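As structure tokens, the structure follows; a few thoughts come after it.
Keep in mind that this is a model prediction, so the values were computed, not measured.
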Amino acid sequence: MTSGSTQRHPRFNHVAMTVPADLLDEDGRKAILDFYGEVFGWQELPTETIDRKRLVMMAYEFGQFVFIEADDNPMTTNTIDHYGMSVSTREQLEEFYDKAKAYSEKDDRTVLEAKMLDDFGGMLELHAFYVRHILPLKVEVQYFDWKQGAPSAG
């Protein structure tokens with residue numbers, strides 16, 4: 001980017017994954033949409049839905065989405081595979097965690113990991129948790145708590 005440019009920095013706008021076609025039938029889509037809608041507020045883009053083939057969830061705005069497509073060889077993941085979402089306040093992280101915890105208590109397909117705190121030398125505390133529901137990738141929710149005097153403390 002050049003000095004004085006009005007362009008914004010590039011940003012990630014979506015994540016895509018493949019799943020078995022059975023997961024994208026009417027019942028499977030409902031289960032996915034129920035969890036991600038109730039916990040994160042994501043919404044289906046119904047014009048993109050194709051039964052047993054595709055589901056697209058908008059994550060807060062049209063330029064952010066989760067793209068799920070059926071494939072005969074769906075993705076496989078290990079315990080570290082995830083995508084991240086940052087929140088602007090600790091309260092927002094706690095709210096998402098509480099919603100995920102409540103959901104996990106009614107649906108054992110929800111895997112919620114304990115909240116974590118990483119301290120980076122007193123300059124930054126990173127609060128986070130991971131949650132996964134039905135889909136192969138976990139979501140990591142992070143809050144960056146920059147301390148006074150830190151370069152990004154604003």
Side-chain angles (χ1 to χ4, degrees), residues 1-2 5-118 124-146 152:
M1 307 255 288
T2 59
S5 174
T6 58
Q7 290 182 341
R8 65 173 169 81
H9 289 286
R11 65 183 179 102
F12 291 103
N13 71 330
H14 72 277
V15 62
M17 62 190 92
T18 55
V19 299
D22 289 346
L23 191 54
L24 296 180
D25 67 8
E26 186 175 352
D27 291 338
R29 291 191 317 272
K30 182 183 178 323
I32 292 166
L33 291 165
D34 188 61
F35 172 81
Y36 291 94
E38 188 171 317
V39 174
F40 296 115
W42 299 351
Q43 303 170 40
E44 176 183 19
L45 290 175
T47 58
E48 298 300 312
T49 297
I50 302 173
D51 187 53
R52 298 182 50 80
K53 294 186 187 278
R54 183 173 62 214
L55 171 66
V56 180
M57 292 182 289
M58 180 177 63
Y60 313 111
E61 60 184 58
F62 284 107
Q64 292 178 206
F65 57 96
V66 178
F67 185 92
I68 307 160
E69 186 160 275
D71 193 273
D72 291 337
N73 295 306
M75 80 181 300
T76 58
T77 58
N78 64 38
T79 58
I80 191 70
D81 295 336
H82 69 279
Y83 55 102
M85 178 174 74
S86 65
V87 295
S88 58
T89 67
R90 174 96 184 264
E91 292 75 20
Q92 192 175 29
L93 181 130
E94 296 295 337
E95 180 182 331
F96 282 140
Y97 185 84
D98 291 346
K99 288 178 181 180
K101 183 171 177 20
Y103 206 96
S104 72
E105 291 168 357
K106 69 179 183 179
D107 189 331
D108 63 2
R109 297 174 295 179
T110 304
V111 178
L112 176 63
E113 298 178 22
K115 290 182 276 185
M116 303 171 296
L117 171 61
D118 289 323
L124 167 66
E125 288 182 350
L126 177 60
H127 301 262
F129 72 90
Y130 292 91
V131 64
R132 189 176 72 76
H133 181 76
I134 302 176
L135 297 175
L137 289 173
K138 298 185 283 190
V139 178
E140 180 181 12
V141 181
Q142 299 179 321
Y143 168 62
F144 293 83
D145 186 3
W146 291 100
S152 292

For the student: nearest non-hydrogen atoms of [X] and [Y], plus distance:
X: T77; Y: P136; answer: OG1-O, 2.9 Å
X: M58; Y: F62; answer: SD-N, 3.5 Å
X: F96; Y: M85; answer: CE1-CE, 3.9 Å
X: V131; Y: A100; answer: CG2-CB, 4.0 Å
X: D51; Y: L24; answer: OD1-O, 3.7 Å
X: A70; Y: P20; answer: CB-C, 4.4 Å

If you measure from [atom1] on [X] to [atom2] on [Y], what distance do you get to the nearest 0.5 Å?
X: D145; Y: L93; atom1: CG; atom2: CG; result: 11.0 Å
X: D81; Y: N78; atom1: CG; atom2: CG; result: 4.0 Å
X: H127; Y: T89; atom1: NE2; atom2: OG1; result: 11.0 Å
X: E26; Y: R52; atom1: CD; atom2: CZ; result: 12.0 Å
X: T110; Y: I134; atom1: OG1; atom2: CD1; result: 7.5 Å
X: K53; Y: E69; atom1: NZ; atom2: CD; result: 9.0 Å

Pairwise side-chain contact, [X] with [Y], heavy-atom cut-off 4.5 Å (strictly under):
X: I68; Y: R29; value: no
X: R54; Y: V56; value: yes
X: I32; Y: L23; value: yes
X: L135; Y: V19; value: yes
X: Q142; Y: L126; value: yes
X: V66; Y: Y83; value: yes
X: L112; Y: F129; value: yes
X: F40; Y: M57; value: no

What is the ring orientation for [X] with [Y], classed by angle as parallel under 30°, tilted 30 to 60°, or perpendicular over 60°?
X: Y36; Y: W42; result: parallel
X: H133; Y: F35; result: parallel
X: W146; Y: F144; result: parallel

Is it the case that atom [atom1] in [X] sees more than 12 heavy atoms from other parts of the structure closer than 6.0 Å?
X: D118; atom1: CG; answer: yes
X: K30; atom1: NZ; answer: no
X: E105; atom1: CD; answer: yes

Ion pair E125/R90, N-O distance below 4.0 Å
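R90 and E125: not salt-bridged.
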Do K99 and E95 meet the salt-bridge criterion of a basic N to acidic O distance under 4.0 Å?
yes
Walk me through whether M116 and E140 qualify under side chain to side chain contact (heavy atoms under 4.5 Å, CB included).
CA-CA 11 Å; M116 303 171 296; E140 180 181 12; 4.2 Å; yes
Y130: which residues meet the ring pair (Phe, Tyr, Trp, His ring centres under 6.0 Å) condition with it, sequence neighbours left out?
H82
For E48 and F65: C-alpha separation, side-chain torsions, deciding distance, then whether side chain to side chain contact (heavy atoms under 4.5 Å, CB included) applies.
CA-CA 11 Å; E48 298 300 312; F65 57 96; over 6 Å; no
Start with the C-alpha distance between V141 and Q92, add both sets of side-chain angles, then the distance that settles side chain to side chain contact (heavy atoms under 4.5 Å, CB included), and finish with yes or no.
CA-CA 10 Å; V141 181; Q92 192 175 29; over 6 Å; no
